[in-house]
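Read through the structure below, which is laid out as structure tokens, and then see the notes.
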Number of protein chains: 2
Amino acid sequence: MATANAERQFRASLKDHGLRITPNRLRMFRTLAGHSEPLTSTQLAGLLADEGMNPATVYRMMQQLTQAGIVHPVMVGHEHIGYELMSPYRPHHDHFLCLSCQRTFDLDECGLDEALVKLAERNGSLVTFHHVELHGLCPECRKASAPSA
Amino acid sequence: MATANAERQFRASLKDHGLRITPNRLRMFRTLAGHSEPLTSTQLAGLLADEGMNPATVYRMMQQLTQAGIVHPVMVGHEHIGYELMSPYRPHHDHFLCLSCQRTFDLDECGLDEALVKLAERNGSLVTFHHVELHGLCPECRKASAPSA
DNA sequence: GGCCCTCCTGCGAATTTCTTGCAAGTACAC
DNA sequence: GTGTACTTGCAAGAAATTCGCAGGAGGGCC
């Protein structure tokens, strides 16, 4: 994984927002970068606690990174909010949630940019970010649930 | 507002899922139907507590209604999950979050159905629900933030 | 390279949010 | 009308999140 470059950008971004570069922040960045799925605050707190970080620090940091636009919250499943790195630290992508196995899949290409520009123009808004969440059955579960018919 | 018909559907849907029609459930339905914006669990618990409902009941009920597909959770702002009625109790719509005033607007027509069908066909998934969340500046804030240039 | 200011972090306690078990109440099928 | 199973309120409890404070560390400046 070519995270070296992303990490450089991350450092630069911290500076841009007046945030210091600390081991803890790099730890969080690497944890997020190392997971393709969004991580909930609880998961993140747990993973980073394993590395010796205090929960309070994790929560505080998440707020800062979210405000700075470095990390972005998205829905995971039916009840949780997950956090993941924003573009350009991670390419834009959307999510597909399988209602059967509860797994979240990335959709690398949503092909919605055009439609969104139109939407924005229609009512005079400026769209800077979009996230699409699809729910349904993944190929595996679809096969499993409809074996014969 | 033509909620009478929607409420009839709601009652029918409760039955379909083996849930009883109780005053509390109608109360929750009306509260959700009476708000165009999604309500967070805390807001909902607060509003219904004002009507004499117990928080525990509210949380339990939300789980049931979510599982039954009557209510659906969506992201509100950057940190919260809001609940709102699903189609057909309420027409499908998506959300636009203004990053400046933090208000949530409904997007009545997303025009994405075609694109989503294509996406689904491409990898063999079955899409039964989609939600689009746009972030940016609403027309008002856009004007306010760019007065001259 | 060293100093100093400010930000960051860990700790512990407090608060808020949400869950659970149980007994009484109520919807609704018969 | 009666009985059963689902609902609800209550109260205790668990889990998640926030807050205040004091010590530690990053990094700008000389």
Side-chain angles (χ1 to χ4, degrees), chain A residues 7-32 38-68 70-71 73-83, chain B residues 7-32 38-68 70-71 73-83:
Chain A
E7 189 166 316
R8 211 168 301 134
Q9 285 189 332
F10 174 68
R11 285 166 182 264
S13 204
L14 284 179
K15 281 206 170 185
D16 288 347
H17 291 278
L19 299 172
R20 290 182 182 169
I21 296 164
T22 68
N24 274 346
R25 290 195 171 132
L26 293 175
R27 224 168 263 145
M28 177 174 264
F29 174 81
R30 288 180 193 133
T31 301
L32 285 169
L39 297 172
T40 66
S41 50
T42 313
Q43 287 177 314
L44 215 36
L47 287 169
L48 292 171
D50 291 345
E51 300 191 37
M53 270 177 75
N54 191 285
T57 305
V58 176
Y59 288 108
R60 269 187 299 233
M61 201 181 293
M62 271 197 291
Q63 286 189 342
Q64 292 173 324
L65 296 185
T66 302
Q67 281 189 344
I70 296 174
V71 158
V74 297
M75 285 223 43
V76 180
H78 265 70
E79 334 235 312
H80 302 288
I81 290 181
Y83 293 84
Chain B
E7 189 167 316
R8 211 169 300 133
Q9 285 190 331
F10 174 68
R11 286 166 181 263
S13 204
L14 284 179
K15 281 205 171 186
D16 288 348
H17 291 276
L19 299 172
R20 290 184 181 168
I21 297 163
T22 68
N24 274 345
R25 290 194 171 132
L26 293 175
R27 224 168 263 144
M28 177 174 264
F29 175 81
R30 287 180 194 133
T31 301
L32 285 169
L39 297 173
T40 66
S41 50
T42 313
Q43 287 177 314
L44 214 37
L47 287 169
L48 292 171
D50 291 345
E51 300 190 38
M53 271 178 74
N54 191 286
T57 304
V58 176
Y59 288 110
R60 268 186 298 231
M61 200 180 293
M62 273 197 290
Q63 286 189 342
Q64 292 173 325
L65 296 185
T66 302
Q67 280 189 344
I70 297 174
V71 158
V74 297
M75 285 223 42
V76 180
H78 265 70
E79 333 236 314
H80 302 289
I81 290 180
Y83 293 83

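A, B, ... follow the sequence lines: proteins, then strands. Residue 1 opens every chain. Scope of the values below: all heavy atoms of this structure, side chains included, with no hydrogens, waters or symmetry mates.
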Quiz prompt | Point-to-point distance, once rounded to the nearest 0.5 Å, from OG of B:Ser41 to OH of B:Tyr83 | solution = 5.5 Å
Practice problem: Please answer whether the main-chain N or O of B:Thr40 pairs with a side-chain N or O of B:His80 as donor and acceptor at a distance below 3.5 Å. | Solution: no
Quiz item: Over how many whole Å does the gap from A:Leu26 atom CG to D:dA25 atom P extend?
Solution: 16 Å
Exercise. For B:Leu48 and D:dT7, give me the distance from atom CG to atom P, rounded to whole Å.
Key: 17 Å
Exercise. Let me know the distance between CE of B:Met62 and P of D:dT7, rounded to the nearest Å.
Key: 16 Å
Practice problem: Starting at atom CD of A:Gln63, determine the distance to atom C1' of C:dC8, rounded to an integer number of angstrom. | Solution: 15 Å
Self-check item: Spacing of B:Asn54 atom CG relative to C:dT19 atom C1', expressed in whole Å
Solution: 12 Å
Quiz item: Within the pair A:Gln64 and C:dC8, is there a side-chain N or O less than 4.0 Å away from OP1 or OP2?
Solution: yes
Quiz item: From B:Met28 CE over to B:Met53 CE, what is the distance, rounded to the nearest 0.5 angstrom?
Solution: 5.5 Å
Exercise. Could you tell me the separation between the CE atom of A:Met53 and the C1' atom of D:dG24, rounded to a whole number of Å?
Key: 15 Å
Quiz item: Reckon A:Tyr59 has a side-chain N or O less than 4.0 Å from the OP1 or OP2 of D:dT17?
Solution: yes
Quiz item: Within less than 4.0 Å of OP1 or OP2 of D:dG9, is there a side-chain N or O belonging to B:Asn24?
Solution: yes
Self-check item: First encountered from the 5' end of DNA chain D, between B:Glu79 and B:Val58
Solution: B:Val58
Exercise. Specify the residues of residues 38-45 of chain B, ordered by number, for which at least one heavy atom lies under 4.0 angstrom from an atom of DNA chain D.
Key: none
Quiz prompt | Distance (rounded to the nearest 0.5 Å) between B:Leu48 CG and B:Thr57 OG1 | solution = 10.0 Å
Quiz item: How long is the line joining CE of B:Met28 and C1' of D:dT8, in whole Å?
Solution: 13 Å
Quiz item: Counting distance only, does the side-chain N/O of B:Ser13 pair as donor-acceptor with the main-chain N or O of B:Gln9 below 3.5 Å?
Solution: no
Quiz prompt | Interatomic spacing from CG in A:Leu14 to CG in A:Leu26 - rounded to 0.5 Å | solution = 7.5 Å
Practice problem: Using whole Å, report how far NE2 of A:His80 lies from P of D:dA15. | Solution: 15 Å
Self-check item: nucleotides 22-30 of chain C: protein proximity per nucleotide (B base, S sugar-phosphate only, - neither; heavy atom, under 4.0 Å)
Solution: ----BBS--
Quiz item: How many angstroms lie between CG in A:Leu47 and OG1 in A:Thr42, if you round to the nearest 0.5 Å?
Solution: 10.5 Å
Exercise. Identify whether any heavy atom of B:Gly46 sits under 4.0 Å from a base atom; if not, whether one sits that close to sugar-phosphate; answer base, sugar-phosphate or nothing.
Key: nothing
Quiz item: Given the rule in the side chain to side chain contact (heavy atoms under 4.5 Å, CB included) test, do B:Arg25 and B:Arg20 qualify, once you have shown the distances and angles that lead to the verdict?
Solution: CA-CA 9 Å; B:Arg25 290 194 171 132; B:Arg20 290 184 181 168; 4.1 Å; yes
Quiz prompt | Which residue lies more 5' along DNA chain C, comparing B:Pro55 with A:Met61 via nearest heavy atoms | solution = A:Met61
Quiz item: Taking the side chain as C-beta and beyond, is there a heavy-atom pair between A:Arg27 and A:Asn24 under 4.5 Å?
Solution: yes
